[in-house]
Trainee: 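Below is a structure I'd like to ask you about.
Quick caveat, the model's predicted, so the values are computed rather than measured. Atoms within a ligand are numbered from 1 in the order they appear, just like the ligands themselves.
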Amino acid sequence: LNTSLPDTLIRNARLILTMDPALGAGSLGAAENLDILIRDGKIDAVAPRIEAAHARVVDASGCIVMPGFVDTHNHLWQCLIRGWGAACGLMEWLETGVGRLQHFRFSESDAFHAARLATLDLINSGITTTVDWSHAFSPEFVHGNLRALAASGMCYAFVHRGSAAAMAEIRSVHQALIAPDPRAELQLACRPGMAPELMADLEAMRTLGDELNARLHVHLLEIEEQRADRPLQALQAAGLLGPGLICAHAVHLDDAELELLAECGAGLVHNPLSNMRTGAGVMRLGDAMQRAIPVALGLDGGTNDSSDMFANMRAAVGLQRASRRRADVSPTPAEVLRMATAGGAELLGRFHEFGSISRGKRADLIILRPETLNFAPWGDPVAQIVFNARPGNVEWVFIDGRVRKERGRLADTDMQQAIAEVQEVADRVRQFLCG
Ligand SMILES: [Zn+2]
């Protein structure tokens with residue numbers, strides 16, 4: 001229980017990016033000379049020179065404190081197939097890998113070990129919230145997957161891929177495993193399209209979403225070929241184009257589709273590293289931002305290859321600059337840094353809970369050490385977080401006020417064991433895929 005945690009006082013930080021404009025300068029709420037007091041898992045105070053007699057003191061001299069990263073689209077189990085299909089485009093990668101694993105019999109512990117490795121990698125990289133779009137291969141798989149998410153201690157959304165036939169199963173998973181956990185939420189997924197069987201699934205998910213107060217989270221126009229399904233028309237016909245809708249990728253939108261999404265208030269998730277790997281294309285990120293469409297960042301599982309949000313931010317900036325052949329386009333480093341933290345919390349409708357270092361929010365925050373070969377010397381820290389930093393700069397991670405990474409090492413974690421356990425599952429999976 002959080003009530004048994006000692007208070008923690010973070011002192012002497014060189015820079016705090018609060019993401020709260022009331023607490024500091026500019027859109028990132030940048031401040032110096034602030035201390036942060038954590039009590040009962042929450043941010044209790046952010047002010048100069050806090051005195052707290054019994055608190056554990058974390059000396060952040062020379063460091064940067066900021067909210068943990070919010071990853072809004074991932075497929076955690078896909079760490080099992082890292083390296084798969086190195087030369088494949090999206091459809092071939094899906095067909096040779098994910099599609100064939102529909103027929104692999106995952107045990108509960110297989111799914112647990114995979115999702116556990118992935119959550120440890122996320123926490124080590126400074127991510128404190130994830131959205132796990134699960135392929136939900138079987139009830140055993142879902143249980144193992146959710147057990148690892150709950151054990152991670154992170155705030156999370158579990159996206160249950162569903163169909164008209166799976167409604168009762170999803171309802172019981174929600175009731176038993178998700179609703180009781182205040183850190184968890186359910187989202188629903190299916191493939192949007194105008195074909196009658198796809199429309200039936202979409203309408204079933206709308207009904208279930210209304211019943212369970214769960215949002216729909218779909219893959220939308222990641223590659224041009226998916227236009228054949230007419231996904232936006234299907235979402236519109238099912239009455240699902242609205243503020244709760246989360247659309248991952250959305251690479252191939254024309255002007256009219258951007259306008260439609262801007263009007264309806266749906267949110268987009270940009271997965272730049274994955275889009276680069278599969279050759280999907282370059283999202284019209286600047287055009288979406290100009291229309292005030294909410295956009296957050298995602299780490300997209302196997303085709304993303306890493307849980308490195310620094311690399312993801314760098315790619316989000318770099319793809320826009322390279323494709324427009326100029327460096328003064330959106331997103332700026334400050335914009336992408338906000339997108340990876342506060343923007344993610346906003347997209348999930350949970351900014352009142354996390355995403356900024358503000359009084360009363362969950363104490364989900366990270367401390368970066370910039371005095372390293374890859375980051376030093378101190379110059380423009382916001383630009384350097386985006387262009388120079390990597391997970392090795394994440395020195396401390398707090399989730400719900402608990403220390404999860406301390407002086408550069410994951411707390412209470414036997415990494416060698418976690419790796420060995422997932423290797424055993426991965427060997428069987430690879431044998432199945434190559435056999
Ligand atoms: Zn995805």
Trainee: Check salt bridge (charged side-chain N to carboxylate O under 4.0 Å, His left out) between R206 and all other residues, then give those that pass, not counting sequence neighbours.
Mentor: none
Trainee: Among all residues two or more places apart in sequence or in another chain, which pass the side chain to side chain contact (heavy atoms under 4.5 Å, CB included) test with E169?
Mentor: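 Side chain to side chain contact (heavy atoms under 4.5 Å, CB included) list for E169, sorted by chain: P139, S172, V173.
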Trainee: Could you point out which residue of H73, H75, H249 forms a ring pair (Phe, Tyr, Trp, His ring centres under 6.0 Å) with H217?
Mentor: H73
Trainee: Show me the pairs that pass side-chain hydrogen bond (donor to acceptor under 3.5 Å, both in side chains) and involve residues 342-356, at least two apart or across chains.
Mentor: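 Residue pairs with at least one partner in residues 342-356: R338-E346, R350-E353, E353-R362, S356-S358, S356-K361.
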Trainee: Taking atom CD1 of I223 and atom CE of M91, what is their separation to the nearest 0.5 Å?
Mentor: 5.5 Å
Trainee: With the threshold set at 4.0 Å, does a side-chain nitrogen-carboxylate oxygen contact exist between D110 and R428?
Mentor: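 Counted as a salt bridge, because a side-chain N and a carboxylate O are separated by less than 4.0 Å.
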Trainee: Strictly under 2.8 Å of the Zn ion (ligand 1): which protein N/O/S atoms qualify?
Mentor: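 Listed by chain and number: H73 NE2, H75 NE2, H219 NE2, D300 OD1.
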